[in-house]
Each structure stands twice: as C-alpha cells, then as structure tokens.
Amino acid sequence: MSDIRLRFAPSPTGFLHVGGARTALFNYLYARRTGGAFILRIEDTDIERSTEESVENLLGSLRWLGLDWDEGPGKGGECGPYFQSQRIEIYNGYVQKLLDEEKCYTCFCTDEELEAEREEMAAKGLPPKYSGKCAKLRKEEVRTLLDSGKPFGIRFRVPPGEKIAVEDLVHGHTEFDSSILGDFIIKRSNGFPTYNFTCVVDDYLMKISHVIRGDDHLSNTPKQMLIYRALGFDTPIFGHVSMILGPDGSRLSKRHGATSVEEFRNNGFLPEAVVNFLSLLGWSPPEKDGAVKEIMDLPEMCGLFGFDRVSKNPAIMNTEKLLWMNGMHLRKLPGEKILELSPSLLEDSFIGGSREKALKYIEATRDYYNTLGDVTGRLAEFAEPGLSKELLSEYPPEKFIPLLDCLLEDIHAADLSNMQMLPAFFKNISKKTGLKGRDLYHSMRVFLTGKNEGPEMQHFFFVLSKDELSARFEKARAVLKG
RNA sequence: GUCCCCAUCGUCUAGAGGUUAGGACACAGGCCUUUCACGUCUGCGACAGGGGUUCAAUUCCCCUUGGGGACGCCA
C-alpha cells in the first residue's frame with residue numbers, strides 16, 4: 001500500500017447529500033486509483049446537532065453506493081478512533097501545547113457581546129471579524145475571570161500580515177492574507193474543539209496525504225494552514241472540488257427536490273447510476289479513440305480518475321440525465337437481479353408469486369425501465385382487461401371472430417416459450433386469416449389487454465400462459481358475438 | 001461590506017493561441033415497428049460584456065457583470 005491516504009469526513013447532522021456523496025466518491029476513486037487508503041472519519045464535535053441516526057444513515061448510504069472504506073467506523077484501523085467525539089483528549093493535548101506557547105488564548109466574550117461587535121463592524125462597513133479584545137487580557141485578569149467560573153473558549157491567535165499560499169489540486173495557486181482573518185475559536189466553552197482545529201489534528205495524525213473536500217472549505221484553508229504551522233505539522237495536498245447547485249443555480253437544498261442519496265435510493269435509482277452520474281459532475285473521463293465512454297461502473301472509474309480532469313466550475317444538478325443513466329444501468333442488469341431489487345413484483349396478482357413468470361415479464365418489459373419503480377409499472381398492461389362492446393366496437397365480428405378462432409386453435413400446438421419463435425407464429429396467423437399490420441396486431445392487443453399501447457405483441461404471448469391467452473381470446477370472442 | 005473561487009449549447013462537459021468549437025442529456029424530425037419504449041440517424045443549440053497582449057484569441061492579462069463560498073463557540 002502506498003503512502004497515499006484520503007479521507008471523507010462528514011458531520012452526522014443529516015442525510016448524505018449528493019455534494020457530500022460526490023466528495024466521498026472523488027476521495028474513494030483517487031485512493032483506489034493510486035493504491036492508497038480511503039478513510040472514513042465522523043466529525044461529530046457539534047454535540048447539539050450530531051445524531052446517531054445520521055451516523056447510521058451516512059454509513060448506510062456510503063455502503064449502498066459501494067464506497068467501502070479501509071479504515072473507519074465498523075472497520076477500525078491504526079489511526080482510530082474515527083469518531084472525533086472520542087478523540088477529545090487528543091485535541092486537548094494540542095490545545096494545551098498551543099496555550100503554553102501563547103499561540104492561542106482564553107476568550108470570555110459572551111454570544112451577545114460578539115453579536116454586538118459584529119453588528120458594529122458591519123455598520124462601519126468593515127469585515128465582521130473578532131476584535132481580539134480578550135487577546136489583550138493580562139495574566140492576572142485571566143486568572144481572576146477563570147477563578148470566577150466565567151465560561152470561556154479558546155481562540156487561535158492569528159499572526160497579522162502573513163501571506164498564506166495554498167497550492168490546490170484543482171484550483172492551482174491561491175493566496176490569502178492572514179489580516180482578513182479574526183482570531184477564531186478552536187475550543188468551545190463547552191469543552192469541545194471546533195472543526196478547523198480537529199480537522200488539522202486528525203488529518204495530521206491519520207497521515208492524510210490528500211485533503212479532497214468541497215469548495216466551501218477553500219476559505220477555511222488559510223485558517224487551517226495557520227494551525228498546521230503553529231503545531232509544526234507538514235501540510236497535506238489540498239484539492240477543493242466545486243459545489244453542486246440546484247437547477248436555479250443556488251445552493252442545493254430541500255426545495256430542489258431529492259438531494260440526498262437516501263432519497264434517490266427510495267426513488268428507484270441504482271447505486272451504480274448515482275455514482276456514475278455524480279462522477280461526471282465535475283470530472284470528465286479521458287477520451288478513448290476520440291470518444292468518451294460515459295456509462296461506467298466503479299472499477300472503470302477507478303481506472304480513469306485523476307484530478308487533472310476535475311473541473312473548477314460549479315455544476316448544476318440535472319436529474320434528467322440521471323434518469324436516463326439509471327435506465328442504462330438498469331436495463332443492463334440480469335433478470336434475476338432486477339427481480340431481487342423489485343420483490344413486490346411477486347406479490348402482484350397477475351404474477352401470482354411465480355418466479356418464472358416474473359422473469360418472463362421482466363424480459364418482456366425491461367426496455368421500458370428507467371427506475372426500479374418502472375418495473376412494476378407495466379403490470380397493469382398485462383392484467384386481465386374488462387372488455388366491453390364499446391371497447392371492441394372498432395372490430396366487426398365477421399372480420400375478427402375468424403381471427404380469434406384461428407388463434408384459439410393454433411395456440412395449443414405453438415411453441416411460445418421463446419420470443420424468437422413468435423414472429424413466425426404471427427406470420428402464420430396472418431396467412432391464415434388474411435389480416436396483417438394494424439388489423440392483426442392492434443386487434444390482438446385490444447383483445448388481450450384492453451389497451452391501445454404497450455410492449456410489443458410478442459411479449460404478451462411470451463409472458464402470458466397458454467391458458468391465460470385462451471381465456472382472454474375466448475372472452476373477447478364472447479363479447480364480439482354479443 | 002471585505003476576502004476567495006468560478007464563467008463554452010437549456011444542463012453536464014471536451015478544448016490547454018490558428019478547430020466547420022467536439023461529445024452526452026433534454027428537445028425536434030427520420031428510420032426500425034401494430035403502438036409506446038429501446039436502438040439508430042439527422043437537426044436545433046454555446047465561447048457573459050469591454051479593454052488589452054499577439055500576425056492570430058474561447059484559450060493569456062486586466063476591468064465590469066453575473067453566480068457561488070467564507071467572514072460562527074456549524075462543519
């Protein structure tokens with residue numbers, strides 16, 4: 001195994017978002033591509049918002065997508081624990097180190113004070129950064145406040161006027177000036193350290209070589225660089241992947257419809273399609289023989305992925321293409337697999353619990369599938385129709401009763417077990433009755449299904465048993481005879 | 001407001017100074033076909049605007065505009 005180590009570090013405060021899923025995917029792909037390790041770390045330092053259910057959901061979504069991790073929850077690993085909430089002692093040690101070196105300080109400001117300060121800055125048209133008030137506190141003052149039991153947080157002392165350069169894998173060279181940064185909290189008054197601090201400590205301790213995350217963290221990076229410096233850690237390679245936006249170009253949110261992996265799963269999408277679709281949001285596979293192969297499975301993507309082809313632009317989520325792509329993946333699946341994914345198919349009254357019939361039905365209708373929901377969506381077309389005189393009014397008895405007679409006679413001896421045999425069967429019926437084209441096929445469709453459209457006629461003869469075919473044709477004959 | 005990022009068809013994107021600006025989804029039409037779908041073919045459709053640099057800019061630089069992000073004791 002190489003020294004390349006990547007991680008996905010979500011906070012368990014909700015479902016796995018498509019943006020997060022894609023970040024996880026890019027990390028996974030690069031790790032697999034390079035023979036490195038893919039680590040999952042749960043960033044649950046916000047005890048207010050982190051929930052156990054979110055953790056379970058996150059893990060479930062990741063597993064469903066097929067993004068298996070080498071180290072992390074349920075897997076263990078040398079750099080654990082992988083829940084930040086279990087690493088508080090570790091962070092405290094580093095906070096103390098910084099405190100001893102006076103690279104951070106205690107802050108006694110209350111939320112109200114900070115809020116007032118921000119408003120004041122905003123009113124003056126200044127960037128709302130912390131004034132550094134508590135940085136000026138004398139040791140004795142701090143002592144007194146501490147003794148009085150006043151709550152306090154720990155702030156990182158940002159050195160002013162420093163240039164902070166980030167060489168980003170996707171954005172290239174980016175520079176920040178530390179002066180735009182206010183001293184920021186690295187440890188809350190409730191004792192829990194904050195993201196920018198834990199992230200640095202863990203990425204270092206877990207020997208992360210590449211930090212691949214969302215664009216929204218780009219402006220956090222200078223803060224983290226400062227912490228790396230203060231702690232004397234080497235910095236990893238950064239790569240900031242663009243955001244995924246909603247159809248209106250704004251940040252993706254609930255009002256944009258399905259945005260979580262969970263929802264796509266529930267809506268009949270396949271993990272291979274979701275992963276495939278997400279991979280193409282911000283990455284393009286290299287051309288091969290002048291063409292791009294867009295439909296890929298995870299191993300194929302692993303073989304092709306690289307940050308040289310990751311785009312800087314934010315991407316708007318287009319569900320239409322996902323739908324198409326899902327169909328591509330779904331239609332490729334063997335019938336058994338589709339049946340396994342659509343267990344309710346067996347409960348249908350037409351299928352009657354018969355695996356054999358279900359598989360025949362799948363073979364006959366698979367070209368119509370885009371989502372798993374479409375699998376059962378065609379059943380109504382196979383159900384026994386309620387035929388009436390009005391429905392069959394287009395079909396004069398003198399012309400079509402001979403057809404039904406002929407069908408009823410020939411069905412028994414015919415081999416309907418193979419769809420390839422059916423064109424010959426129909427040809428023979430056509431020859432005997434003199435009916436062809438629409439007269440022949442459309443009438444059979446209506447007699448059999450009571451509908452004007454649906455799968456090809458041969459599919460019905462393939463799926464329906466001879467008894468069912470006979471029964472339906474007999475019924476149609478009875479209605480025609482009136 | 002300040003700082004950072006981004007800017008090619010409606011959408012995802014290829015392009016890395018000279019291309020009829022390519023592909024995919026969607027859309028329209030043709031073919032296949034009893035219908036719909038699948039498949040296939042064709043069409044529609046873009047370099048945000050303005051300045052530079054250059055013999056030559058979609059491509060490099062600057063400005064504007066637009067979008068996004070950060071400026072939290074959220075991550």
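The shown structure was predicted, so the numbers you read here are calculated from the model rather than taken from an experiment. The chains referred to below are lettered A, B, ... by the order of the sequence lines, with proteins before strands, and numbering in each begins at 1.
Base contact: A:C109 has a heavy atom under 4.0 Å from a base atom. Among the heavy atoms of the strands, none lies under 4.0 Å from A:S443. Among the heavy atoms of the strands lying under 4.0 Å from A:K223 are primed sugar atoms or P, OP1, OP2 only; no base atom is included. Using a 4.0 Å heavy-atom cutoff across all strands shown, A:H217 reaches at least one base atom of the nucleic acid. A:N220 comes within 4.0 angstrom of a nucleotide base, judged by non-hydrogen atoms across all strands.
Judged by Watson-Crick or G-U wobble contacts below 3.5 Å, the nucleotide B:A70 has B:U2 as its partner. Base pairing analysis places B:G39 opposite B:C31; the two distances defining the Watson-Crick or G-U wobble pair are each below 3.5 Å. Across all strands shown, B:U58 has no partner, as no Watson-Crick or G-U wobble contact with both distances under 3.5 Å is found. For B:U65, the paired base is B:A7 (Watson-Crick or G-U wobble, both distances below 3.5 Å). Pair check for B:A16 finds none; no Watson-Crick or G-U wobble contact set falls under 3.5 Å.
Every ring-ring contact (aromatic ring centres under 6.0 Å, His included) that A:F305 has, sequence neighbours left out, goes to A:F26, A:W283, A:F307. Considering only residues two or more places apart in sequence or on other chains, A:H210 meets the ring-ring contact (aromatic ring centres under 6.0 Å, His included) condition with A:Y30. For the side chain to side chain contact (heavy atoms under 4.5 Å, CB included) test, residues two or more places apart in sequence or in another chain that qualify with A:N428 are A:D410, A:K432. Scanning for side chain to side chain donor-acceptor pair (under 3.5 Å) contacts around A:S54 gives A:T51, with sequence neighbours left out. Listed by chain and residue number, A:F15, A:S61, A:E262 satisfy the side chain to side chain contact (heavy atoms under 4.5 Å, CB included) test with A:N57 (two or more places apart in sequence, or in another chain). Shown here are the side chain to side chain donor-acceptor pair (under 3.5 Å) partners of A:D183, two or more places apart in sequence or in another chain: A:Y105. A:S179 meets the side chain to side chain donor-acceptor pair (under 3.5 Å) test with A:D177; sequence neighbours excluded.
To the nearest angstrom, P of B:C25 lies 13 Å from NE2 of A:H329. Across the protein-nucleic acid pair, A:K293 atom NZ and B:A24 atom P stand 15 Å apart, rounded to whole Å. Here B:G72 presents its P atom at 19 Å from CD of A:E43, a figure rounded to the nearest Å. To the nearest angstrom, P of B:G1 lies 16 Å from CE of A:M121. Between the CG atom of A:D216 and the C1' atom of B:G72 there is a distance of 14 Å, given to the nearest Å. Atom P of nucleotide B:G72 and atom CD1 of A:I186 are separated by 16 Å, given to the nearest angstrom. In this structure, A:D183 atom CG and B:G72 atom C1' are separated by 14 Å, rounded to whole Å. For the pair A:L114 CG and B:C71 C1', the interatomic distance rounds to 14 Å; values are reported in whole Å.
Residue pairs meeting the salt bridge (charged side-chain N to carboxylate O under 4.0 Å, His left out) criterion with at least one partner in residues 358-367 of chain A, sequence neighbours excluded, are A:E363-A:R366.
To the nearest whole angstrom, the two P atoms, one in B:U8 and one in B:U59, are 12 Å apart. Remark: the separation of the P atoms in B:C55 and B:C3 is 36 Å, to the nearest Å. Across B:G30 and B:U13, the matching C1' atoms stand 28 Å from one another, rounded to whole Å. Of the C1' atoms belonging to B:A7 and B:A26, the separation is 22 Å, rounded to the nearest Å. Taking the P atom of each, B:G69 and B:A28 are spaced 34 Å apart, rounded to whole Å. Atom name P, nucleotides B:C31 and B:A37: the rounded distance is 14 Å, in whole Å. Atom C1' of B:C44 sits at a distance of 10 Å from the matching atom of B:G29, rounded to the whole Å. Going from the P atom of B:A48 to that of B:C6 covers 15 Å, rounded to whole Å.
Taking NZ from A:K321 and CG from A:L280, the interatomic distance works out to 6.0 Å, rounded to the nearest 0.5 Å.
The aromatic rings of A:F473 and A:F461 lie tilted to each other, with the angle between the two planes from 30° to 60°.
Annotation for A:R438: atom CZ does not count as buried by contact number, only 12 or fewer foreign heavy atoms lying within 6.0 Å. Atom CE of A:M421 is surrounded by 12 or fewer heavy atoms from other residues, nucleotides or ligands within 6.0 Å. Counting non-hydrogen atoms of neighbouring residues, nucleotides and ligands closer than 6.0 angstrom, the NZ atom of A:K436 reaches no more than 12 such neighbours.
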Check the interface with nucleotides 57-66 of chain B: list each N/O to N/O pair with the protein under 3.5 Å, or write none.
none

Sugar-phosphate means primed atoms, P, OP1 and OP2; the rest is base. With that split, encode nucleotides 5-23 of chain B 5' to 3' as B, S or - using protein heavy atoms under 4.0 Å.
SSSS-BBBSSS-------B
If the sugar-phosphate is the primed atoms plus P, OP1 and OP2 and the base is the rest, what is the B/S/- string for nucleotides 30-41 of chain B, using protein heavy atoms under 4.0 Å?
----BBBBSS--
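Side-chain contact annotation: A:E390 with A:S393, donor-acceptor N/O pair under 3.5 Å absent. When only modelled atom types and interatomic distance are considered, A:N220 and A:H217 share a side-chain donor-acceptor pair under 3.5 Å.
Considering every non-hydrogen atom in both A:M301 and A:N276, the closest pair reads CE-CA, 3.6 Å.
The phosphate of B:C4 has neither OP1 nor OP2 within less than 4.0 Å of any side-chain N or O from A:T221.
Residue whose closest nucleotide on RNA chain B sits further toward the 5' end, between A:P128 and A:L322: A:P128.
Residues of residues 8-15 of chain A having a heavy atom closer than 4.0 Å to RNA chain B, listed by number: A:S11.
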